[in-house]
Amino acid sequence: MGWLSSILWAFWYILPAYFANASPVLVGGGRPIDGGRVWRDGRRLLGNGKTWRGFIGGVTIGTLVGLIQYFITPGFYGDLPTALELAFLLSFGALVGDLIGSFFKRRANLPRGAPAIGLDQLGFLISALVFAYPVKTLTSGQIIFLLVVSPFVHWGANYLAYRLGWKSVPW
Ligand code: CTP
Ligand code: MG
């Protein structure tokens, strides 16, 4: 595989995780996952930025992206159940990673929406890769590539969402 196709397949592979991570900005809101509960440090477990609707909506949208991808490149996935399983695990993993990130942000006394460089851009990605690993994985070169470029994709997507008025902060 040439380096260009290797890079493009890495993007294609991770796309459900990107969508799952980005869509809660649009579909989220309502009841927070932590139900308002606090940790033993007296601060919120996760905060109001992590809602059930965002979580379930993100997993659903990410999995649907995988469904569409299967119809475009069936050979990349083998069969439909594999494609759906992979997309679900990438999406679920991305959003679990996002929750873990918020848990640590609250422990560090960062308010909801405060930036945490590294955690915000890579936590969801690493978690998605770990969850999806049993179904289908990338080469180590492709993983390194995604770790390097994803922060820029993340910043670009958040800046766009900010300019479109979907988010109140550009990160
Ligand atoms: N969101 C949601 N449910 C989730 C994840 C995100 O509803 N499980 C929505 C929230 O409106 C959130 C927005 O998407 O404010 C942006 O997500 P993110 O940047 O991950 O959350 P933050 O508000 O920055 O909160 P935190 O500081 O906990 O990361
Ligand atoms: Mg944020």
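Only this structure's heavy atoms are used, side chains among them; waters, hydrogens and symmetry mates stay out. We count ligands from 1, going down the list as the structure has it; atoms in each ligand are counted the same way.
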Salt bridge (Lys or Arg N to Asp or Glu O under 4.0 Å) partners for R107, two or more places apart: D41
Protein contact to [atom] [nearest heavy atom, distance to 0.1 Å]:
| atom | result |
| --- | --- |
| atom 9 (C) of ligand 1 | P24 O, 3.5 Å |
| atom 23 (O) of ligand 1 | R112 NE, 3.4 Å |
| atom 29 (O) of ligand 1 | K105 NZ, 2.9 Å |
| atom 8 (N) of ligand 1 | T51 O, 3.5 Å |
| atom 19 (O) of ligand 1 | K167 NZ, 3.9 Å |
| atom 21 (O) of ligand 1 | K50 NZ, 3.3 Å |
| atom 6 (C) of ligand 1 | G49 O, 3.1 Å |

With heavy atoms of [X] as the reference, note each atom of ligand 1 found under 4.0 Å away.
| X | result |
| --- | --- |
| V25 | 14 (O), 16 (C) |
| F55 | 8 (N) |
| S102 | 26 (P), 28 (O), 29 (O) |
| G29 | 7 (O) |
| G28 | 7 (O) |

Check whether any side-chain heavy atom of [X] lies under 4.5 Å from a side-chain heavy atom of [Y], and answer yes or no.
| X | Y | value |
| --- | --- | --- |
| W9 | M1 | yes |
| S168 | Y162 | no |
| L125 | L129 | yes |

Salt-bridge criterion met for D34 and K50 (N-O under 4.0 Å): no
R106/L45 under side-chain contact (heavy atoms from CB on, under 4.5 Å): CA gap, chis, key distance, verdict: CA-CA 7 Å; R106 298 302 88 80; L45 203 58; over 6 Å; no
Qualifying side-chain hydrogen bond (donor to acceptor under 3.5 Å, both in side chains) pairs with a residue from residues 117-135, counting only residues at least two apart or across chains: K105-D120
Sub-4.0 Å heavy-atom contact, G113 with ligand 1: yes
Contact with ligand 1 for R106, non-hydrogen, under 4.0 angstrom: yes
Worked check of side-chain contact (heavy atoms from CB on, under 4.5 Å) between F131 and F88: CA-CA 9 Å; F131 273 74; F88 174 81; over 6 Å; no
Ring centres under 6.0 angstrom apart (Y70, F76): no
Residue portion contacting ligand 1 (non-hydrogen atoms closer than 4.0 Å) for D98: side chain
Distance under 6.0 Å and angle within 45° of ring axis: K167 vs Y159: no
